[in-house]
Amino acid sequence: MTVTFFLVRHAAHDDVGRFLAGRMEGIALGQAGRAQADRLGQRMKREEIGAIYTSPRERTRETAAAIAAACGLGPPRIADALDEVNFGEWAGKTFDILNGDPQWRRWNDVRSLTRTPGGEIMLDVQRRVLGLIETLSNAGSGKRLALVSHGDVLKAAVCHVLGLPIDAWPKFDIAPASITTMAIGDWGAKIITLNEMNP
C-alpha cells in the first residue's frame, strides 16, 4: 500500500530572490512564471495524479491551476498546512535589509531554535506539513497526489523523510517549479526524486 506525493514548489514570481514575499498578498506569477507553470503542467500529465492540494498563496494557486488544467483535473484544494512560512515582520523586506538583521542570520543558522518575529519556528512548519501528509496517506492506498507549496515548507518535509535535522535545510535545493517525489507506505517513507527541474 503506497501513496505517492509530488511535492511541487510554485513557479517563480517576478521578484523571487529580491525580497521575502512570505505571506504577502498580490504576489502573482509573471509572464516567465506562467510559462514555467505551463511546462510543469505538461510534465505532470504523465504522472496520472488524482488530486492537487495547494497553499492559499496566489503564486501557488496559479501553479496548481496550470497543473490541474494540463491534467484534466478539477480545481485544486486549498490546504492551509501547505502555506508559506509565517515570516511575521520580515515579510516584504529585501534580502539586503534582512542580511543586516542579526535575528535573520540566527534564524538561517539555527532554524530549529529561532522563531521569526511575530511568526513561526520551522519545527511548527514541519509539524503542519507532515500532519497533512499523514492525513492524506491514511485516506487510502494507490493515490498519486500533488502538493503545491513553498521551498522552505517542502524542505521541512524532505528533511524529515531523509532523517535530517531541520537545520540541514541549506544542504539541498528546492527550486521554483521543481518536483520532489515522495512515496509513503506501511514500510515507511522515501524520496524517489529530489528537485527535478523543468526548464
Between Arg127 and Glu120, is the closest basic N to carboxylate O distance under 4.0 Å? no
Does Arg43 come within less than 4.0 Å of Glu47, counting only side-chain N to carboxylate O?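 A salt bridge links Arg43 with Glu47.
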Mind running side chain to side chain contact (heavy atoms under 4.5 Å, CB included) on Thr54 and Arg77 for me, showing each step along the way? CA-CA 6 Å; Thr54 182; Arg77 301 169 194 175; over 6 Å; no
With no hydrogens and no angle check, just 3.5 Å: does a side-chain donor-acceptor pair link Asp101 and Trp90?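 There is such a pair between these side chains.
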Verify whether one side chain among Ser149 and His10 offers a donor that lies under 3.5 Å from an acceptor in the other. no
Run through Arg128, Arg23, Arg61 and flag the one making a salt bridge (charged side-chain N to carboxylate O under 4.0 Å, His left out) with Asp83.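 Result: among Arg128, Arg23, Arg61, Arg23 is the only option passing the salt bridge (charged side-chain N to carboxylate O under 4.0 Å, His left out) with Asp83.
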Would you say [X] and [Y] make side-chain contact, with heavy atoms under 4.5 Å?
{"X": "Leu145", "Y": "Ile52", "result": "no"}
{"X": "Asp80", "Y": "Pro56", "result": "yes"}
{"X": "Ile78", "Y": "Tyr53", "result": "no"}

With a 4.5 Å cut-off on side-chain heavy-atom distances among I, L, V, M, F, W and Y, is there a chain of contacts connecting [X] to [Y]?
{"X": "Val158", "Y": "Val153", "value": "yes"}
{"X": "Val85", "Y": "Phe95", "value": "yes"}
{"X": "Ile133", "Y": "Leu162", "value": "yes"}
{"X": "Ile27", "Y": "Leu20", "value": "no"}

Heavy-atom closest pair (Gln36 atom, Pro176 atom, distance to 0.1 Å) is NE2-O, 4.1 Å
Smallest heavy-atom separation, Ala175 atom then Met197 atom, equals CB-SD, 3.3 Å
Approximate separation, where rounding is to 0.5 Å, of [X] [atom1] and [Y] [atom2]:
{"X": "Asp14", "Y": "Leu29", "atom1": "CG", "atom2": "CG", "answer": "8.5 Å"}
{"X": "Arg34", "Y": "Thr63", "atom1": "CZ", "atom2": "OG1", "answer": "11.0 Å"}
{"X": "Ile67", "Y": "Leu40", "atom1": "CD1", "atom2": "CG", "answer": "4.0 Å"}
{"X": "Arg9", "Y": "Asp173", "atom1": "CZ", "atom2": "CG", "answer": "9.0 Å"}

cation_pi(Lys155, Phe172) dist<6.0 Å, angle<=45: yes
Sorted by chain and residue number, the side-chain hydrogen bond (donor to acceptor under 3.5 Å, both in side chains) partners of Asp152 (sequence neighbours excluded) come out as Arg111
Are His13 and Glu58 close enough, and set up right, to give a side chain to side chain contact (heavy atoms under 4.5 Å, CB included), and what steps lead you there? CA-CA 10 Å; His13 58 84; Glu58 189 172 354; over 6 Å; no
According to side chain to side chain donor-acceptor pair (under 3.5 Å), does anything in residues 174-185 pair up with another residue at least two apart or in another chain? List the pairs.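 Pairs touching residues 174-185 that pass the test: Ser178-Asn195, Thr181-Thr193.
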Passes side chain to side chain contact (heavy atoms under 4.5 Å, CB included), Met122 versus Asp167? Steps please. CA-CA 9 Å; Met122 280 305 296; Asp167 295 323; over 6 Å; no
Checking Leu136 against Lys143 for the side chain to side chain contact (heavy atoms under 4.5 Å, CB included) test, could you report, in this order, the C-alpha distance in whole Å, the side-chain angles of both residues, the deciding distance, and whether it holds? CA-CA 9 Å; Leu136 295 174; Lys143 292 186 176 180; over 6 Å; no
Hey, does the side chain of Thr116 reach the backbone of Asn86 with a donor-acceptor pair shorter than 3.5 angstrom?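 Side chain of Thr116 to backbone of Asn86: a pair is present.
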ring-ring contact (aromatic ring centres under 6.0 Å, His included) partners for Phe87, two or more places apart: Trp107
Sole residue of Ile174, Leu82, Leu154, Val161 in side chain to side chain contact (heavy atoms under 4.5 Å, CB included) with Leu7: Leu154
Could you go through the salt bridge (charged side-chain N to carboxylate O under 4.0 Å, His left out) check for Arg59 and Glu84 one step at a time? CA-CA 11 Å; Arg59 57 197 182 273; Glu84 175 64 286; 3.6 Å; yes
